[in-house]
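Scroll down for the structure; my scribbles are underneath it.
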Amino acid sequence: MLTLTPREGAAPKVFGPAPHGQGSQISPIMLQEELWGRMRALPYVYMAPTLVSVPHARALFLPEGVGTGPAEAFQRGREWAHIHPHHDGSLHLTLPKEAEEEVINAGWGVHHPVQAVTLVYGPRSYAELETVWKIVHFSYRYAVGMK
């Protein structure tokens, strides 16, 4: 699986379910942008307006015919992940059940109260960025059908 190091400190405040996001311990904008740059550079992904999140959330999709991930790997259409606006900094993505349980148990996120997605907390440091990136990359691999 992911083999995550536990997240340090108390969990941030989370609000929702609609919208669902992070209300404290907001990720510095430079870390949000570093994460977004890595996300949009993944092979075959394209950016488009989100089909499920708030205005100004940035979403990533896979084109039809790319990858063999299950239907559960996508939020709506071919959207597999989105990052919330700078005032929030968290992201929603899809994970297999076992991976989501690991993310939650290690303190890196929570399950969405209504949708079948995981809210992953925005990174507060470069060390946390590496862990969040590991989770994002696992989600991407799930969507494209890589084991």
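Remark: the backbone N or O of Leu2 is paired with a side-chain donor or acceptor of Lys134 at under 3.5 angstrom. Looking only at distances, a side-chain donor or acceptor of Arg76 sits under 3.5 Å from a matching main-chain atom of Leu51. Within the 3.5 Å criterion, the main-chain N or O of Ala10 finds a donor-acceptor partner in the side chain of Gln25. Side-chain atoms of Gln22 come within 3.5 Å of backbone atoms of Ser24 as a donor-acceptor pair (strictly under, hydrogens ignored). The closest donor-acceptor contact from the side chain of Tyr140 to the backbone of Met39 lies at 3.5 Å or more, if one exists at all. Of the possible donor and acceptor atoms, none in the side chain of Ser27 sits under 3.5 Å from a partner among the backbone N and O of Gly122. No donor-acceptor pair closer than 3.5 Å links the side chain of Trp108 to the backbone N or O of Thr131.
From Leu93, atom CG reaches atom CG of Leu60 across 10.5 Å, with rounding to the nearest 0.5 Å. The distance from the OG1 atom of Thr5 to the CZ atom of Arg7 is 13.0 Å, given to the nearest 0.5 Å. Interatomic distance, OH of Tyr46 versus CD of Glu79, reported as 9.5 Å (0.5 Å rounding). The CG atom of Leu91 sits 9.5 Å away from atom OG1 of Thr118, with the distance rounded to the nearest 0.5 Å. Summarising the geometry, atom OG1 belonging to Thr50 is positioned 12.0 Å from atom CD1 belonging to Ile83; distances are rounded to the nearest 0.5 Å. Separating the CE atom in Met30 from the CG atom in Leu129 is a distance of 10.0 Å, to the nearest 0.5 Å.
At a threshold of 4.5 Å between non-hydrogen side-chain atoms, the residues His137 and Leu42 count as touching. Counting heavy atoms from C-beta outward, Val117 and Val52 have side chains that stay 4.5 Å or more apart. With contacts defined as side-chain heavy-atom distances shorter than 4.5 Å, the pair His20/Leu119 qualifies.
In this structure, Trp80 has its ring center at least 6.0 angstrom away from the ring center of Phe61. Taking the ring centroids of His56 and His86, they lie at or beyond the 6.0 Å cut-off.
Scanning both residues, Pro123 and Leu35, for their nearest heavy atoms gives CD-CD2, 4.4 Å. Shown here for Tyr142 and Leu95, the closest heavy-atom pair between the two residues is CE2-C, 3.6 Å. Counting all heavy atoms, side chain and backbone alike, Ala73 lies closest to Ala143 at CB-CA, 3.6 Å. Considering all non-hydrogen atoms of both residues, Ser90 and Gly21 come closest at OG-CA, 4.0 Å. Of all the heavy atoms in Pro55 and Pro85, the pair that sits closest is O-CG, 3.7 Å. Taking every heavy atom of both residues into account, Ala11 and Tyr121 meet most closely at CB-OH, 3.9 Å.
The cationic group of Arg141 does not satisfy the cation-pi geometry with Phe138, failing either the under 6.0 Å distance to the six-membered ring centre or the 45° limit from the ring axis.
One hydrophobic cluster, built from ILVMFWY side chains closer than 4.5 Å, cannot hold both Val136 and Ile104; they sit in different ones. Cluster annotation: Trp36 is not connected to Ile29 through the hydrophobic network of ILVMFWY side chains, with a link wherever side-chain heavy atoms come within less than 4.5 Å. If you chain together hydrophobic residues whose side chains sit under 4.5 Å apart, Ile26 and Val120 never meet in one group.
Between His92 and His84, the ring planes are perpendicular. Angles over 60° get that label, and only those under 30° would be called parallel.
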Chi angles and distances behind the salt bridge (Lys or Arg N to Asp or Glu O under 4.0 Å) call for Glu33, Arg38: CA-CA 9 Å; Glu33 291 303 312; Arg38 292 181 188 189; over 6 Å; no

Before giving the answer on side-chain hydrogen bond (donor to acceptor under 3.5 Å, both in side chains), spell out for Thr94 and Glu72 the whole-Å C-alpha distance, their side-chain angles and the decisive distance to 0.1 Å. CA-CA 7 Å; Thr94 56; Glu72 298 79 29; over 6 Å; no

Worked verdict on Arg58 versus Met47 for side-chain contact (heavy atoms from CB on, under 4.5 Å): CA-CA 7 Å; Arg58 297 173 283 179; Met47 300 169 285; over 6 Å; no

Are Thr68 and Val144 close enough, and set up right, to give a side-chain contact (heavy atoms from CB on, under 4.5 Å), and what steps lead you there? CA-CA 5 Å; Thr68 58; Val144 297; over 6 Å; no

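Within 6.0 Å of CZ on Phe15 lie more than 12 heavy atoms contributed by other residues, nucleotides or ligands.
Within the structure, the salt bridge (charged side-chain N to carboxylate O under 4.0 Å, His left out) test picks out the following pairs touching residues 80-106 (sequence neighbours left out): Lys97-Glu101.
For His82 and Gln75, the side-chain atoms include at least one donor-acceptor pair closer than 3.5 Å.
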